[in-house]
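Chain identifiers are assigned alphabetically (A, B, ...) following the order of the sequence lines, protein sequences preceding nucleic acid strands; residue numbering begins at 1 within each chain. Reckoned from all heavy atoms, side chains included, excluding hydrogens, waters and symmetry mates. All values derive from a computational prediction rather than experimental measurement.
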Amino acid sequence: MSVSQFQIDSHGRRTHTSGELRADHVSQHVVLKGWVDCRRDLGGLIFVDLRDRYGITQIVFNPEHNAETAKIAEALRFEFVISVKGTVREREVAAKHANMPTAAIEVMADDLIILNTSEPLPFMVSAQESRETKASEDLRLKYRYLDLRRQELKHNVLLRHRVYQAVRRFYDAEDFVEVETPVLMKSTPEGARDYLVPSRVHAGKFFALPQSPQTYKQILMVAGMDRYFQIVKCFRDEDLRADRQPEFTQIDVEMTFATEDMIYDTAEGMLAQIWKDVKGAELELPFPRMSYDQAICTYGSDKPDLRFGMELHDLSRTFKGCRFRLFDSVIEDGGAVVAIVVPGMGDTGRGKMDKLDKNIVRQKLGARGLIHFRLPSDGSETVSSVKSEVLPAEFVNAAVTATGASAGDAVLVLAGAAPKVFEQVGDLRLHLGRDLGLISDSPDGPWKFLWVTDFPLLEWDEDSGRFHAMHHPFTSPRAEDMGKLGDDPGSVRAQAYDIVLNGSEIGGGSIRIHRPDVQQQMFDALGIEEEEAQARFGFLLDAFRFGAPPHGGIAFGLDRIVMLLTGASSLRDVIVFPKTQSAQEPMVQSPDVVDEHQLTELHIQLLDESQDDA
RNA sequence: GGUCCGGUAGUUCAGUUUGGUUAGAACGCCUGCCUGUCACGCAGGAGGUCGCGAGUUCGAGUCUCGUCCGGACCGCCA
C-alpha cells in the first residue's frame with residue numbers, strides 16, 4: 001500500500017492516550033493515536049515509540065502476528081501521524097528506560113493506519129534528542145510547532161497552564177473579579193515606548209497598546225469593583241533581552257482600601273498557591289522584607305539574590321584618612337569604598353586577580369579598578385594588591401577585621417561615587433556567585449523570595465534634567481514624606497514595593513494616589529504642565545473627583561515566574577511564539593510590509609529610507 | 001545607538017591561527033541486510049552558492065571592507 005494513499009480512519013476514537021497504559025491494562029484491546037517518536041526496524045520486528053501530549057508507548061509490529069500490518073509499518077518515519085489498534089501486553093524484555101511510566105507494557109499492533117506522513121525534519125524532535133536540543137534557536141522558532149512537540153517546551157507550556165489555573169482559583173476564592181481591559185488604549189508616553197495602532201476612522205490619530213492596564217484598573221476601583229485581577233498581555237517597544245519580550249503577560253491586581261500589608265498578604269497567598277499547585281511545595285510565609293536603601297547597601301541591587309551571602313561592606317569609615325589617594329579622594333567627594341569577602345579566593349594568584357580586574361571589573365562593570373586583600377588559607381600574612389607604602393598595613397588589617405574575613409578568603413574592594421559603586425560591587429557579587437557555583441537555577445529551588453520596600457518616589461534623570469517617577473506617576477508618596485514633595489522631591493519615599501525571587505524582579509506595585517490634589521502635586525514634581533496632565537490623564541483626574549477610594553495593587557510578570565519555575569534560561573522558552581532579540585517572529589515573519597492600499601486607508605505615508613537619518 | 005560572539009551538508013560542528021589537491025565528521029535522509037529493540041546494529045549511497053556583496057591575490061571557507069541574520073550584554077525597559 002502506498003503511503004501517499006488517503007487513509008480513512010476506521011479505528012474510531014482512541015481508547016487511551018500514550019501516557020496511561022500500565023501493567024493492569026494487559027490483554028486489553030486499545031486504539032492509540034499519535035506521532036512516531038522513533039522507529040527501530042530490526043528487519044522482521046519493528047518497534048515504534050508512539051508519542052502524544054501525555055507520553056510515549058512502545059508499539060510492536062510482528063510479521064508473524066500480522067504480516068500485512070508489519071509491512072505497512074516499514075514505511076513509518078519520524079513524526080508520521082498514525083492510529084494503532086492492538087493488544088496491551090507485558091514486555092518480554094525489560095525496557096531500557098524503566099523510568100518511563102509506560103515501561104511495563106507494550107502494544108502488539110493488530111492494525112495500523114497512517115493518518116499523515118512527514119517530510120524529513122529540520123531538527124530532531126524525538127524524546128531522546130529533545131532533553132537538550134542542539135538546534136539553533138533561530139531554526140526552532142521558525143518551526144515552532146515542531147519545537148513545541150519536544151518534551152522540554154511541551155512541559156513548559158503545560159506548566160504555564162497550571163499557573164494560570166492556580167492564579168484564577170486563588171483570586172476567585174478571595175473574591176477578586178476578573179475584568180478584561182481594552183487592548184486599544186491611548187498613548188501615555190511616560191516611560192517605555194508604546195506600540196501604536198493607527199486609526200482608520202480618525203485620520204492622524206492612534207491607539208496605543210497598553211504597557212500595563214494601570215489607569216484602567218485604578219478606574220475600576222473608582223467604579224467600586226473593590227478587588228480586581230486580570231491575566232493580561234502588555235506591550236513595550238523597547239530592546240529585548242533574555243528576560244524581556246515586547247509582549248508579555250502580567251498578573252494584574254488592584255484592591256480598594258488596601259494597605260501595603262494587605263497587598264503583601266494576598267500576593268504571598270497567590271504565589272504560595274502557584275508553588276503548591278505546580279511544585280507541590282509549601283512556601284514559608286510571610287516573605288522577608290528589606291527596604292530599598294538596605295538592599296542597595298547590603299547587596300548593591302534593588303533585587304537582591306538571597307540564594308547566597310557575600311554581603312557588601314561599606315569601608316568608607318575604615319579607610320578615612322588612609323593616605324591612599326584613590327580612597328581618600330573618593331571619600332572626600334562623598335563616594336564610598338565598598339568590599340565583599342569571597343570565600344576560597346585567598347590563595348588565588350595575582351594573574352587571575354588581574355584578569356578579574358581587567359575583564360570583569362573594568363570592562364563589564366565599568367568600574368575604576370579592583371583592589372584586593374588575600375588571606376592565604378595557611379594563615380600567613382594578608383597579601384594586599386596595594387603596596388604598604390601606598391596603603392598602610394594597619395588600614396588593610398582594619399578592613400579585614402571590619403569585613404570579618406578569615407584565612408582562605410579574599411576581600412575585594414571597589415571605590416567610587418555612591419550609589420553606583422554599590423551597584424558595581426553588587427554586580428561583582430553576582431558574577432562571583434555564579435562563577436563559584438553558589439547559585440543554582442534548578443527548577444527545584446531553592447526559592448528565595450524577598451519584598452523590597454520603600455522605594456524612592458522619584459529619580460533624577462540627567463538627560464532630560466528633570467525627575468522621573470521611579471515606579472509610575474500614580475504612586476503615592478509615604479504620608480510622612482508628603483511635605484517634602486515640593487522642596488526636596490528626591491528624598492521622598494514611595495509606598496512602592498517589588499517582589500523579588502532569586503534575584504529576579506517578578507512583580508511590583510504601590511499604593512496609589514487617589515486624590516486629585518495629590519496627583520496634581522505629583523505631576524508638578526514631574527514637571528508635567530497642567531494642560532499636558534489634563535490631556536494625557538484628564539480622565540483619571542476627573543474620576544478622582546467623584547469619590548475615589550484609597551487603593552493599591554501589584555502586577556506580576558507571569559512569564560518570569562514560569563521561567564523560574566521551569567528553570568528556563570530564556571523567556572522565549574516559556575512563551576509559545578516569542579519574538580527574537582530584534583523583535584521579529586521568525587515563523588509568521590512579523591512585522592511585515594503592508595499594501596499601499598492599507599496604508600492609504602490608515603492615512604499613513606512612509607518616509608523615504610534616505611530621510612530616516614534626518 | 002554601542003560592545004562582544006557566531007553564520008560551512010537537512011541539523012550540530014571541525015577546518016580560518018599560517019590563503020594552495022576533490023571542504024570533512026556525527027546525526028538525519030536514500031538503498032540493501034537484519035525477529036526483542038529502546039541512541040538497535042551492519043554495508044553502501046546521495047547531499048555544499050562555506051550568510052550575502054565588493055575588494056586584495058596567480059589563487060579566498062580562510063585576509064580586508066561593507067551588509068544581512070541570530071545570540072549575550074550596555075544604553076533603554078515610568
Peer 1: Name the nucleic acid region contacted by A/Ala135, choosing base, sugar-phosphate or nothing; use a 4.0 angstrom heavy-atom cut-off, strictly under.
Peer 2: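 Since only primed, P, OP1 and OP2 atoms lie under 4.0 Å of A/Ala135, the category is sugar-phosphate.
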Peer 1: Which nucleotide wins on minimum distance to the side chain of A/Leu42, given the candidates B/rG70, B/rG28, B/rG36?
Peer 2: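 That would be B/rG36.
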Peer 1: Rounding to the closest angstrom, what is the interatomic distance between B/rA72 and B/rU31 at atom C1'?
Peer 2: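 Roughly 45 Å separates the two C1' atoms.
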Peer 1: Return the nucleotide paired to B/rC33: Watson-Crick means purine N1 to pyrimidine N3 with N6-O4 or O6-N4, wobble means G-U with N1-O2 and O6-N3, both under 3.5 Å.
Peer 2: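 B/rC33 is paired with B/rG41.
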Peer 1: Between B/rG51 and B/rA43, how far apart are the P atoms? Round to whole Å, please.
Peer 2: 33 Å
Peer 1: Applying a 4.0 Å non-hydrogen cut-off, can you work out what A/Arg39 is touching in the nucleic acid: base, sugar-phosphate, or nothing?
Peer 2: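 A/Arg39: no heavy atom of the nucleic acid under 4.0 Å.
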Peer 1: Could you tell me how far apart A/Arg77 (CZ) and B/rC29 (P) are, to the nearest whole angstrom?
Peer 2: 7 Å
Peer 1: Please list all pairs meeting side-chain hydrogen bond (donor to acceptor under 3.5 Å, both in side chains) that have one or both residues in residues 579-591 of chain A, counting only residues at least two apart or in different chains.
Peer 2: A/Glu247-A/Lys579, A/Thr580-A/Ser582, A/Ser582-A/Gln584
Peer 1: Could you give me the CA-CA distance, side-chain angles and deciding distance for A/Lys186 and A/Phe207, then say whether side-chain contact (heavy atoms from CB on, under 4.5 Å) is met?
Peer 2: CA-CA 5 Å; A/Lys186 113 185 208 158; A/Phe207 293 104; over 6 Å; no
Peer 1: Return whichever of A/Phe78 or A/Pro63 has its heavy-atom-nearest nucleotide of RNA chain B closer to the 5' end.
Peer 2: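 Nearest nucleotide further toward 5': that of A/Phe78.
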Peer 1: Under 3.5 Å, is there a donor-acceptor pair between the side chain of A/Asp481 and the main chain of A/Arg493?
Peer 2: yes
Peer 1: Roughly how far apart, to the nearest Å, are B/rU3 and B/rU8 at atom C1'?
Peer 2: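 About 26 Å, rounded to a whole number of Å.
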Peer 1: Between B/rA39, B/rG36, B/rG70, which nucleotide has the shortest distance from any of its atoms to the side chain of A/His97?
Peer 2: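 Side chain of A/His97 sits closest to B/rA39.
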Peer 1: Say you pick atom C1' in B/rG15 and the same atom in B/rA60; how far apart are they, in whole Å?
Peer 2: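 Each nucleotide's C1' atom is 14 Å from the other's.
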Peer 1: Nearest whole Å is fine: how far is B/rC34 P from A/Glu74 CD?
Peer 2: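 Nearest whole value for this atom pair: 11 Å.
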Peer 1: Between B/rG24 and B/rC69, how far apart are the C1' atoms? Round to whole Å, please.
Peer 2: 26 Å
Peer 1: Can you check the A/Met100 CE to B/rA39 P distance for me, whole Å?
Peer 2: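 Rounded to the whole Å, the gap is 10 Å.
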Peer 1: For the C1' atoms, the ones on B/rG53 and on B/rC33, what distance do you get once it is rounded to whole angstrom?
Peer 2: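 Those two atoms are separated by 50 Å.
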Peer 1: Check every atom of B/rC29, B/rG36, B/rA39 against the side chain of A/Gln58 and return the nucleotide holding the closest atom.
Peer 2: B/rG36
Peer 1: For a quick check of understanding: with a heavy-atom distance under 4.0 Å over all strands, which category does A/Thr475 fall into, base, sugar-phosphate or nothing?
Peer 2: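 Here A/Thr475 touches no strand at all.
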Peer 1: Round to the nearest Å and state the distance from A/Glu137 atom CD to B/rG70 atom P.
Peer 2: 11 Å
Peer 1: Rounding to the closest angstrom, what is the interatomic distance between B/rG61 and B/rG19 at atom P?
Peer 2: 14 Å
Peer 1: Give A/Leu139 one of three labels, base, sugar-phosphate or nothing, depending on what nucleic acid heavy atoms sit under 4.0 Å from its own.
Peer 2: sugar-phosphate
Peer 1: Classify the nucleic acid contact of A/Asn62 as base, sugar-phosphate or nothing, counting any heavy atom under 4.0 Å across all strands shown.
Peer 2: base
Peer 1: Can A/Ser491 and A/Asp488 be said to form a side-chain hydrogen bond (donor to acceptor under 3.5 Å, both in side chains), step by step?
Peer 2: CA-CA 6 Å; A/Ser491 73; A/Asp488 187 12; 2.9 Å; yes
Peer 1: Quickly work out the A/Arg150 CZ to B/rU11 C1' distance and round it to whole Å.
Peer 2: 13 Å
Peer 1: Do any N or O atoms from the side chain of A/Asp194 and from the backbone of A/Leu196 form a donor-acceptor pair under 3.5 angstrom?
Peer 2: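 No; zero donor-acceptor contacts below 3.5 Å.
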Peer 1: Check the pair A/Gln218 / A/Gln214 against side-chain hydrogen bond (donor to acceptor under 3.5 Å, both in side chains), numbers first and verdict last.
Peer 2: CA-CA 6 Å; A/Gln218 289 192 242; A/Gln214 182 60 37; 2.8 Å; yes
Peer 1: Please state how far atom CG in A/Asp138 lies from atom P in B/rC69, giving the value in whole angstrom units.
Peer 2: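 Going from A/Asp138 (CG) to B/rC69 (P), I get 11 Å.
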Peer 1: Stacking between A/Phe123 and B/rU11, defined as ring centres under 5.5 angstrom apart with planes under 30°, is that present or not?
Peer 2: no
Peer 1: Please measure how far the C1' atom in B/rG59 lies from the corresponding atom in B/rA14, and state the result in whole Å.
Peer 2: 24 Å
Peer 1: Using a 4.0 Å heavy-atom cut-off across all strands, classify A/Gln584 as base, sugar-phosphate, or nothing.
Peer 2: sugar-phosphate
Peer 1: Would one find a side-chain N or O of A/Ser136 under 4.0 angstrom from OP1 or OP2 of B/rG71?
Peer 2: no
Peer 1: Answer with yes or no whether A/Glu119 presents, from its side chain, a donor or acceptor under 3.5 Å of a partner atom in the base of B/rG10.
Peer 2: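 Per atom types, no contact qualifies.
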Peer 1: Scan A/Ala70 against the nucleic acid and name what it touches under 4.0 Å (heavy atoms): base, sugar-phosphate only, or nothing.
Peer 2: nothing
Peer 1: Reading nucleotides 73-78 of chain B from the 5' end, what letters show protein touch, with B for base, S for backbone sugar-phosphate only, - for no heavy atom under 4.0 Å?
Peer 2: BBBBBB
Peer 1: Below 6.0 angstrom between ring centroids: does that apply to A/Phe422 and A/Tyr299?
Peer 2: no
Peer 1: Mind checking whether A/Leu50 and A/Ile82 have side chains closer than 4.5 Å, heavy atoms only?
Peer 2: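 Yes, at least one pair of side-chain atoms sits under 4.5 Å.
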Peer 1: Between A/Ser18 and A/Ile56, is there a donor-acceptor pair closer than 3.5 Å when you use the side chain of the first and the backbone of the second?
Peer 2: no
Peer 1: In whole angstrom, give the distance that lies between atom NZ of A/Lys96 and atom P of B/rG36.
Peer 2: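 In whole Å, B/rG36 P lies 13 Å from A/Lys96 NZ.
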Peer 1: Does B/rA72 have a Watson-Crick or wobble partner in any strand here, with both distances under 3.5 angstrom, and which is it?
Peer 2: B/rU3
Peer 1: Is there a donor N/O on one and an acceptor N/O on the other, under 3.5 Å, for the side chain of A/Arg140 and the base of B/rG71?
Peer 2: no
Peer 1: In the structure shown, which nucleotide is the Watson-Crick or G-U wobble counterpart of B/rG66, with both distances under 3.5 Å?
Peer 2: B/rC52
Peer 1: Is a side-chain N or O of A/Arg244 found less than 3.5 angstrom from the main chain of A/Asp239, in a donor-acceptor match?
Peer 2: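 Yes: the side chain of A/Arg244 pairs with the backbone of A/Asp239.
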Peer 1: Within this structure, what is the CG-to-P distance between A/Asp41 and B/rG32, rounded to whole angstrom?
Peer 2: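 Nearest whole value for this atom pair: 11 Å.
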